[in-house]
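Single-structure report; data block below.
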Amino acid sequence: MLLFGPYMIFLIVFIMCIVLFVLVTRQNSRIEAIEEEIGHIAMNQDSLIEEVSSVTSSVDELGSAVGAISNELSLVDIGSYENGASKGHARVAWPRKVYLTFDDGPSSNTGKILDILDEYGVKGNFFVVGTENTELRKMYKRIVEEGHALCAHSYSHKYSEIYSSVDAFTEDLDKLYTLLYDETGTEPVAYRFPGGSSNSVSRIPMSEFIKVLDRRGIRYFDWNVVSGDATNPMLPADRIVENSLCDLSEYEEAMILFHDLSNKTSTVEALPEIIEALQESDIPIAVIDDTTMTIQHYINTKSK
Ligand SMILES: [Zn+2]
């Protein structure tokens with residue numbers, strides 16, 4: 001019994017150790033399970049963050065898509081225009097100004113053009129030349145009185161004379177400015193070089209003539225849209241309409257070149273449809289003033 005006592009104590013302690021070991025092992029595996037759970041939660045959190053960021057980028061993408069759609073919506077469809085066999089589709093951005101400019105008048109068509117502009121309540125820009133015809137000279141005053149921009153385009157419109165020297169150019173300029181002042185009591189609003197400032201006719205650098213205008217504070221304008229009415233034979237009205245409208249969306253301010261010459265009857269014919277298309281798209285038709293953007297061509301600065 002005496003020997004059995006310590007043995008029993010040892011056995012009890014041994015059993016307790018085993019029980020404790022089992023308990024600790026279980027506890028450890030629980031801790032491991034919890035750690036694993038925490039790991040899962042962390043992973044889930046990461047994927048959740050990933051999910052959120054992908055949703056955010058989707059929202060961003062959606063935002064830019066909405067922006068692109070808005071841009072598209074700001075393009076106003078102003079209809080389609082027949083061009084022989086092919087059909088053009090003109091799209092015009094808004095807002096923008098359009099300047100209708102008529103070169104080389106006055107002519108037997110000036111009155112008709114003025115009547116059409118009046119009918120639609122819009123204003124034009126007339127780059128006029130000199131004339132000895134007293135009836136046609138009355139048109140300068142009518143242009144001013146009806147609120148259009150009267151602009152200068154040389155007296156003679158003869159390239160060989162105007163561009164022969166700076167003196168000849170200045171003389172021609174003075175002659176037209178004197179005539180227009182005498183007829184209307186006002187100075188022209190702007191100048192346009194015959195053939196444009198980018199003409200390849202002048203043997204003297206165009207920059208020399210521009211200096212003359214600069215010294216007098218005269219602004220000159222070219223054009224950025226061509227109606228095509230300068231061609232020979234005369235372009236049909238539907239082609240003039242199409243040419244005038246199809247490129248407008250490329251410019252913040254568009255300056256369309258027309259010609260006011262007695263043989264350009266299709267220009268007169270095309271005008272109402274052009275104005276209607278612009279008005280339907282709420283595009284302002286403007287007169288040249290101090291706020292008009294500088295619309296000038298690249299110029300030749302070298303002598304030939
Ligand atoms: Zn001209």
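Each ligand, and each atom within it, is numbered from 1 in the order the structure gives. Small disclaimer: the values here were computed from a predicted structure and weren't measured.
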Q: Output yes when a side-chain donor or acceptor of Arg192 lies under 3.5 Å from a complementary backbone atom of Phe126, and no otherwise.
A: no
**Q.** Residue pair Ile204 / Tyr163, side-chain heavy-atom distance below 4.5 Å
**A.** no
Q. Tell me, do Thr101 and Ile256 make a side-chain contact under 4.5 Å, heavy atoms counted?
A. no
Q: For residues Phe193 and Phe127, establish whether the separation of their ring centroids is below 6.0 Å.
A: no
Q) Aromatic ring centroids of His157 and Tyr155 under 6.0 Å? A) no
Q | Protein N, O or S atoms under 2.8 Å from the Zn ion (ligand 1) | A | 3
Q | Nearest heavy atoms of Thr265 and Met234, plus distance in Å | A | OG1-CE, 3.4 Å
